[in-house]
Amino acid sequence: MQKKPDPCSFVIFGATGDLTHRLVIPALYNLAAGNLLPDKFCVVGIVRRGMSSEQLTDSLMQGLRKFATRPVDEAIAKRLFECVTAIEADPRDPASFDAMSERLDRLEKARETGGNRLFYLATPPSAFLPISEQLGRTGMLEENGAWRRLVVEKPFGTDLASAKALNAALLKLVDEHQIYRIDHYLGKETVQNILVLRFANGMFEPIWNRNHIDHVQITVDEKLGVGHRGSFYDATGALRDMVPNHLFQLLSLVTMEPPARFDAHAVRSEKAEVLSAIQIQTEQEALSNSVRGQYHAGKIGDTEISDYLKTPDVRPDSSTETYAALKLTIDNWRWAGVPFYLRTGKALTSKRTEIAIKFKQAPFAMFRDTAVDRLSQNYLVISTEPTEGIELQFNTKVPGPVINIDGVEMKFRYKDYFKAEPSTGYETLIYDCMIGDNILFQRADSVEAGWQAVQPFLDAWKSAGGRGLQPYKAGSEGPEAANALLTRDGRSWRKLG
Ligand code: BG6
């Protein structure tokens, strides 16, 4: 049985926004349905002037009906929404934070939540610091017998310098143990399962190194285009949006050393260690070890996708990449010489997230004279999209009098073994924030190590401007040039279905 979190207030900045409606409230509902919310609990939505608790509740309720991952039980929803209160506060108006602090104190007495508070910043990144500073100024972040936690969404900075500055500024207001930097990939079952696969089984770890692994491919392909997020995306691009956060989470879990214990300090230290071992490339190396692309009009299934450059709020001459592929190496004893190929993009042929570990060929081709003398490749594939599971590809003999060899697959799919309720992926993360377990959250050092590794690519691409930006058709597998990144090493991307 999972334990219930301590009584607490769940204070959401950006309560009227998309993230709150689409992910946070449905996740709170799922926790309520699983009886995993504290017995004494309140949800406080921070709103702009003039919005009442009733109006906020109505809007959140509509959001739940639209985005719930399972049928909504009216009694559970009613109990959850009875806890919702709207409080006005605006970081540009410090007095509103003094008033908010007083209202929270009163509300907490009535609700008997004991002063524990989780401040969830579901806001644009530019608001992270102004809000935190007001919370700090009014003493709301001080832990005097009760806990105070700050949950920060991505993007955490836009480059190495800004991530460092944000960390330094936040760490003046709160201690590292109070900050929960969310990366929603860590809420996904298969992502958490990487550690279990590696460290709860005796058979993988002995071959999990440069002696047996030829290379690793990490793919996060998306079908959707940029849609209504033009203004955010055009200032961000595929690299910043996905690589130092989501793809590096996958990379660090696959490459970290075994931690001594399964606790936040040990696990996060190993992750930070391996990220800081990614070789820092020169701008010249970064250019030759990367491909960036931008989609133009095409069709995905029956859906017509227009040029990226025609997306609302995108600059008509933008050179922002919607596709990025990189080759990285890790400078340590386990991984020296093993290339890691990463690719991610929008408006591609399929939605697919996978880590494919390619093992070295058998050392001696003794079946040379058989009908099939080219062995197929040994891959271990861990995927979260389109299905969550693990797959092993190996060679086997085709039945018959002669030795014919063919590649086959052994497949494990979560849904075949476990009956899990559909989730938003945020339940685990929100629950962990409430029980104070930060194992699944990014620590300042790994965020900075991630930015440090991508900084040469950002710099090189900035200097190159539109030069080298490869067009690709929406609905394709990405720019042709991404293939050359591997073929020049005698390798190829796994074909995605
Ligand atoms: C978000 C990015 O963090 O992750 C989006 O900002 C992206 O651009 C999304 O679409 C992908 O998440 P998932 O869970 O659908 O792979």
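Both ligands and their constituent atoms are indexed starting at 1 by order of listing.
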Gap between atom NZ of Lys172 and atom CD of Glu133 - 0.5 Å precision: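 It comes to 9.0 Å.
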If the threshold is 4.0 Å, N to carboxylate O, is there a salt bridge linking [X] and [Y]?
X	Y	result
Glu176	Arg443	no
Arg240	Glu321	no
Asp313	Arg229	no

Geometric cation-pi criterion, Arg494 with Tyr379: 6.0 Å, 45°: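 Yes, Arg494 lies over the aromatic ring of Tyr379.
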Pocket residues of ligand 1, ordered first by chain and then by residue number (heavy-atom cut-off under 4.0 Å):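 For ligand 1, the residues that come within the 4.0 Å heavy-atom cutoff are Lys154, His184, Tyr185, Lys188, Glu222, Arg229, Asp241, Met242, His246, Lys346, Lys351.
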Centroid separation Tyr341 to His215 less than 6.0 Å: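 Yes - the distance between ring centres of Tyr341 and His215 falls below the 6.0 Å cut-off.
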